Structures are given as structure tokens and as C-alpha cells.
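Here is the structure we will look at.
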Amino acid sequence: MVLPPGVSLDDFRYLAPELVLTSGALATLVADVLLPRRSGNALAWVTLVVLGATLASLVPFASTHREIANGLIAVDQFALFFKVLFLGAAALTVLMSVRYLEIENVSPGEYYFLILCATLGMMIMAGGIDLITIFIGLETMAVSFYILAGFIKPNQRSNEAAVKYFLLGAFSLGILLYGMSLMYGLSGTTNLRAMAPVLAGQERDPRLVLAVILVVAGVGFKIAAVPFHMWAPDVYEGAPTPVTAFLSVGSKAASFAMLLRIFIEGLLPMKGDWQLLFEALAIVTMTAGNLAALTQTNLKRMLAYSSIAHAGYVLIGVVAGTPRGISAMLIYLAIYSFMQLGAFAVIVLMRRQDVVGDELKDFSGLHFRHPFAAFAMLLFMLSLGGIPPTAGFMGKFWLFSAAIDAHYYLLAVIGVLNSAISLYYYIRLVVFMYLKKERIGSEPVSSPSLTIALSVAVAATIVLGVYPRLLFELAERSAATLGVAGITAAIR
């Protein structure tokens with residue numbers, strides 16, 4: 001067998017998780033054909049087995065740090081951290097989807113296949129240290145989400161969400177690719193680690209400054225940072241609720257992994273420019289997201305604007321640029337995944353044949369109708385608001401303290417003030433659940449898979465708030481593999 005130069009058969013061993021996931025995705029389609037109709041539960045378990053097998057295939061590489069495929073992909077703890085996060089988020093999404101797909105009466109086979117394909121794209125993005133690899137992963141993820149957003153064909157809102165997401169996504173991709181092409185033209189390479197030394201000394205080149213601006217704009221769309229956030233509220237509201245949950249967690253985390261790879265590994269010589277841009281984005285994104293969420297009565301739109309605000313919080317770690325700032329980003333993304341997925345799981349529980357379940361009024365008196373769901377949503381809202389002793393408090397505390405350590409005092413103060421503002425719309429939902437007694441439609445009915453997803457999210461939100469040490473240690477080791485240990489002095 002003739003292999004391209006720089007590629008060996010040993011590389012395929014390091015690509016085992018991606019190969020297992022790809023094979024599993026194809027097996028899911030085959031299972032959909034072989035299993036009898038109305039076998040959504042069986043397909044969900046097949047998908048969970050695939051995700052579990054992929055997770056198990058990551059174990060041998062827990063301490064691996066090397067480049068493979070001629071420098072296209074890195075197998076390191078940074079990529080490992082995100083891959084585990086993506087697989088966990090996908091598993092919770094599958095558990096949330098079983099009952100939802102039954103109510104919507106749609107075919108589960110293609111749905112689970114696309115979930116696995118989106119996860120594969122995220123994993124490639126996390127390990128990509130070459131612009132071409134990152135682009136392939138990004139498009140694998142994005143195309144899957146374009147289809148998933150419009151998966152409920154009879155639903156006009158779902159169709160509208162898919163069209164908006166596709167059109168704006170294609171436009172933003174063009175901007176990102178133009179920036180990447182300038183990076184390649186100025187450095188002569190697409191490898192990020194080889195690019196940084198070449199770009200050193202070209203900091204004042206206007207073409208490189210333009211490249212940084214374009215890449216920031218393209219990545220800003222993917223993380224839904226203001227003013228590139230226009231798609232998020234409509235797409236989050238129109239897409240199927242489990243898809244919205246996965247999009248708000250998985251896509252955002254993968255985009256931040258891509259951001260860190262590009263700017264820390266490839267554009268470190270331009271740190272002064274991108275630091276300034278991300279500082280402005282962080283302030284505007286936090287503030288605009290929280291202010292827009294104050295007036296929302298639709299929970300999916302409210303959580304969309306909340307997600308925008310949280311992207312602003314995470315950008316604080318990018319601005320700090322220190323090892324602690326990067327590890328704080330990883331910690332917050334992991335914590336955010338559990339509380340965001342949990343909140344959407346409660347919205348899925350509220351979906352019945354006669355009620356969509358995503359309006360504030362639908363949650364009136366939920367405490368009297370379903371105490372566990374009300375308690376879970378209360379916990380997630382407090383965690384999203386950063387109230388101790390929840391996991392959200394620990395995440396925000398570490399982010400803001402990282403900003404203070406890097407002497408970004410104003411940024412930390414603005415973050416704290418925005419967290420206080422966000423409490424208004426989080427607590428407003430709590431008021432509806434515990435103080436109002438109106439009944440809207442039929443009673444919410446859970447399912448075993450949805451109960452498991454909700455219980456896992458609740459447990460993680462509590463445990464990571466009380467004992468986050470293990471997560472902190474994993475994040476610190478993962479951040480160290482980005483090579484950020486020596487950049488603090490350079491950034492200052």
C-alpha cells in the first residue's frame with residue numbers, strides 16, 4: 001500500500017476514535033434499515049453504544065502528545081479534553097431526543113446519523129493544527145447542523161431556521177476562508193505551528209492585520225459573538241429543541257477549540273491585535289446578550305441570548321491569554337455544557353402534543369405539576385447566573401480571577417455586572433415555576449431516557465460546584481499542551 005509522504009500506517013492507530021465514530025455512524029444508517037419501523041429506542045441505544053465505543057478508544061491516548069498525518073492533526077490532551085466533552089454532549093442529546101422524536105413523529109435514523117457526523121466534525125476541529133484540517137472539520141459539523149436545524153419538515157419555524165443558518169453560515173465561512181487564505185499567502189504554510197515563526201516580524205503588515213480581522217469575524221459568527229450573532233435567536237427558536245441544545249453546546253465548544261488553535265498556535269505574533277479585538281467583542285457580547293435576554297418570553301430565544309452572553313464570558317479567557325485563562329475557558333465550557341443541556345432537557349420535557357413548551361407561561365406552576373423538573377430548572381438557572389454553590393459560580397469565578405491575574409480589571413468588573421443583570425431573566429423563570437399556578441395544556445410526562453439526561457446534568461451541576469478539583473486539574477493539563485505556558489510575559 002502506497003501512502004502519501006509523511007503519512008504512516010501508525011497514523012491510523014492514532015485516528016482510531018474518529019474511525020470508530022465514522023464506522024458507527026454508517027452502522028447506525030444500516031441499523032435503521034434493518035430494524036423494524038418505530039424502532040427509535042433501539043436506534044438511540046445503537047447511537048449511545050457508538051459514542052461509548054468512541055470514548056473507550058480515546059483511553060490509550062490519554063497521555064499522548066504528537067502530530068500525525070504529516071502535521072495535519074495533533075493528538076494531545078487539549079484535543080482529548082474537547083473530544084470527551086463532545087461525546088458527552090452528544091450522548092445527553094441522544095437521551096433527550098428519544099421522546100422528542102416520538103412526539104414530532106419523524107424518522108430517527110438520519111437524525112442520529114447527523115448527530116454522529118456533527119460530533120465527528122467537532123473532534124476533527126479540536127485536533128486540527130492545519131487550516132485545511134480545521135476547515136474539513138468545520139464543514140462536517142456545519143453541514144450536519146444545517147440539516148438538523150430544518151429536520152422537522154412540516155414545521156415552518158424549523159425550515160426558516162435552517163435557511164437562515166445556511167445562508168449566514170455560508171457567508172461567514174467565506175469571510176473566514178479569505179482570512180485563512182491571507183494567512184497562508186503570507187506564511188507559505190497552512191500548518192499553524194509552522195506558521196507562527198514565519199509571521200514573527202510581520203506584525204505591522206496591513207495584509208496580516210486584515211487576515212486577523214477576517215478570521216476574528218469568521219470565528220465570531222461560529223461562537224455567536226456580537227455583532228455576528230444575528231442568526232442565533234432565530235435558529236435556536238426554530239430548530240428542534242435537542243438540536244438547539246447540542247448546537248448551543250457542542251458547536252460553541254468546537255468553535256472555541258478552533259479559535260484557540262488558530263490564535264494561540266498560529267497567530268501568537270499578532271497577539272496585540274487579536275487581544276484588542278477579542279476584548280471589545282467580550283464586552284459588547286456580554287452586555288448585548290444579557291440586555292436582549294431581559295425582554296424575551298420564549299425560553300429558547302432567552303437561552304439563545306444567554307448563550308451569546310456566555311460566549312462573551314468565555315472570551316475573557318482568550319483576552320487574558322495566560323495558562324490560567326485558557327484553562328478557565330476549558331473549565332467554563334465543560335460546566336456550561338451540563339447546565340445548558342439540562343435547561344433544554346426540561347424544555348424537551350415540557351413538549352407535549354398540545355403544547356410546544358418553550359414559552360414562559362408554559363412553566364407556570366411547574367413546581368406543583370412536576371417538582372423534580374422545577375427543581376432542576378431552578379438549579380440550572382442559578383448556575384447560569386453564577387450563584388454559589390453551583391458549578392456556574394466556580395466557572396465564572398475562575399474566569400474573572402484569570403482576568404484579574406492578567407490585569408484586566410475592567411473586563412472582570414464588567415463580567416460581574418453582567419452576571420448580576422442576567423439574574424433578572426433567570427429568576428423570572430423561577431417565579432413562574434414556583435409562584436404561579438396556572439395550568440397550560442396537559443401535564444408534562446417524562447421518559448426514562450430524558451430522566452437519565454436530566455439527572456446527569458443535575459448531578460454534574462451540583463458536584464462540579466462543590467468539588468471541581470478534578471475538572472480543574474484536567475483543564476490545566478489540557479491547556480498546557482497548547483504551548484501557552486510561556487506566553488504570559490509575551491502578552492504583557
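This one's a predicted model, so the numbers in the text were calculated from it and none came from an experiment. In what follows, every heavy atom counts, from backbone to side chain, and hydrogens, waters and symmetry copies are set aside.
Checked against the 6.0 Å centroid threshold, Phe263 and Phe278 count as a close aromatic pair. Aromatic ring centres of Phe221 and Phe171: separated by at least 6.0 Å.
The heavy-atom pair separating Phe78 from Leu330 by the smallest distance is CE1-CD2, 4.1 Å. When every heavy atom of Leu341 is checked against every heavy atom of Met96, the shortest pair comes out as O-SD, 3.8 Å. Here the shortest heavy-atom pairing between Ala453 and Leu95 reads CB-CB, 3.8 Å. Nearest heavy-atom pair, Pro233 versus Arg301, reported as atom, atom and distance to 0.1 Å: CB-NH2, 3.5 Å. A pairwise comparison of heavy atoms in Ala460 and Ala391 identifies O-CB, 4.3 Å as the closest pair. When all heavy atoms of Ile136 and Thr140 are compared, the pair lying nearest together is O-OG1, 2.8 Å.
Using cut-offs of 30° and 60° on the angle between ring planes, the pair Tyr313 and Tyr332 is perpendicular. In this pair, Phe397 and Phe393 present their aromatic rings parallel. The plane angle is below 30°, not in the 30 to 60° band. By the 30° and 60° cut-offs, the orientation of the rings of Phe166 relative to Tyr146 is perpendicular.
Arg477 has no carboxylate O lying under 4.0 Å from a charged side-chain N of Asp76, or vice versa, which leaves the two without a salt bridge. In this structure, Lys83 pairs ionically with Glu18, as a charged nitrogen and a carboxylate oxygen lie closer than 4.0 Å.
A side-chain donor-acceptor contact under 3.5 Å links Gln77 to the backbone of Ala62. Between the Asn191 side chain and the Gly71 main chain, a donor and an acceptor come within less than 3.5 Å of each other. Side-chain N or O atoms of Ser158 include one that pairs as donor or acceptor with a backbone N or O of Ala149 at under 3.5 Å. Of the possible polar contacts, none joining the Thr285 side chain to the Gly312 backbone as a donor-acceptor pair under 3.5 Å is found. Within the 3.5 Å criterion, the main-chain N or O of Ile129 finds no donor-acceptor partner in the side chain of Thr133. Formation of a donor-acceptor pair under 3.5 Å by the Asp362 side chain with backbone atoms of Glu359 is found in this model. Side chain of Trp274 to main chain of Leu267: a donor-acceptor pair is present (N/O by atom type, distance under 3.5 Å, no hydrogens or angles). Proximity of a side-chain donor or acceptor of Ser327 to a complementary backbone N or O of Pro323 within less than 3.5 Å is detected. In this structure, the side chain of Lys252 engages the main chain of Ile223 through a donor-acceptor pair within 3.5 Å. No donor-acceptor distance shorter than 3.5 angstrom exists from the side chain of Asp234 to the backbone of Ala161, with no hydrogens or angles considered.
The structure places CG of Leu21 at 9.0 Å from CD1 of Ile124, a figure rounded to the nearest 0.5 Å. From Leu48, atom CG reaches atom CG of Leu87 across 11.5 Å, with rounding to the nearest 0.5 Å. Leu333 contributes atom CG, which lies 8.5 Å from atom CG of Leu399 (distance to the nearest 0.5 angstrom). Distance check: Asp405 CG to Phe400 CZ gives 14.0 Å after rounding to the nearest 0.5 Å. One distance of note links OG of Ser383 with CD1 of Ile387; it measures 10.0 Å at 0.5 Å rounding. Note that OG of Ser144 and CG of Leu120 are 8.5 Å apart. Values are rounded to the nearest 0.5 Å.
For Glu67, the salt bridge (Lys or Arg N to Asp or Glu O under 4.0 Å) test picks out Arg193, with sequence neighbours left out. Partners of Tyr336 under the ring pair (Phe, Tyr, Trp, His ring centres under 6.0 Å) rule, at least two apart in sequence or in another chain, are His310.
With contacts defined as side-chain heavy-atom distances shorter than 4.5 Å, the pair Ile213/Asp273 does not qualify. No side-chain heavy atom of Leu199 sits less than 4.5 Å from a side-chain heavy atom of Asp205. Looking at heavy atoms from C-beta onward, Leu366 lies in side-chain contact with Met350 at the 4.5 angstrom threshold. Using a 4.5 Å heavy-atom cutoff, the side chains of Thr64 and Arg66 are in contact. Two residues are said to be in side-chain contact when any heavy atoms from C-beta on lie closer than 4.5 Å; Leu208 and Leu182 fail this criterion. When side chains are defined from C-beta on, Val431 does not count as touching Arg428, because their heavy atoms never get closer than 4.5 Å. Proximity of Leu417 to Val413: side-chain heavy atoms (C-beta onward) are separated by under 4.5 Å at one or more points. In this structure the side chain of Phe344 reaches within 4.5 angstrom of the side chain of Thr244, judged on heavy atoms.
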| message | Please evaluate residues Ser251 and Lys222 with respect to the criterion side chain to side chain donor-acceptor pair (under 3.5 Å), reporting the C-alpha separation (whole Å), side-chain torsions for both, the decisive distance (0.1 Å), and the verdict. | response | CA-CA 7 Å; Ser251 175; Lys222 297 302 178 185; over 6 Å; no
| field | Worked verdict on Tyr14 versus Phe61 for ring-ring contact (aromatic ring centres under 6.0 Å, His included) | value | CA-CA 8 Å; Tyr14 291 99; Phe61 312 117; 5.5 Å; yes
| query | Should Leu51 and Leu116 be marked as a side chain to side chain contact (heavy atoms under 4.5 Å, CB included) after you check the CA-CA gap, both sets of side-chain angles, and the distance that decides it? | reply | CA-CA 8 Å; Leu51 293 171; Leu116 294 176; 3.6 Å; yes
| field | Check against side chain to side chain donor-acceptor pair (under 3.5 Å), Tyr408 and Gln275 | value | CA-CA 11 Å; Tyr408 287 95; Gln275 243 186 319; 2.6 Å; yes
| request: Starting from the C-alpha separation in whole Å, work towards a yes-or-no answer on side chain to side chain donor-acceptor pair (under 3.5 Å) for Ser97 and Tyr111. | output: CA-CA 9 Å; Ser97 301; Tyr111 176 90; 2.7 Å; yes
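When the options Phe145, Tyr236, Trp231, Phe151 are evaluated for a ring-ring contact (aromatic ring centres under 6.0 Å, His included) with Tyr165, the one that passes is Trp231. In summary, of the residues considered (Thr461, Val249, Leu382, Val458), a side-chain contact (heavy atoms from CB on, under 4.5 Å) with Met339 occurs for Thr461 alone.
Crowding of Phe472 atom CZ: a count of heavy atoms from other residues, nucleotides or ligands under 6.0 Å exceeding 12.
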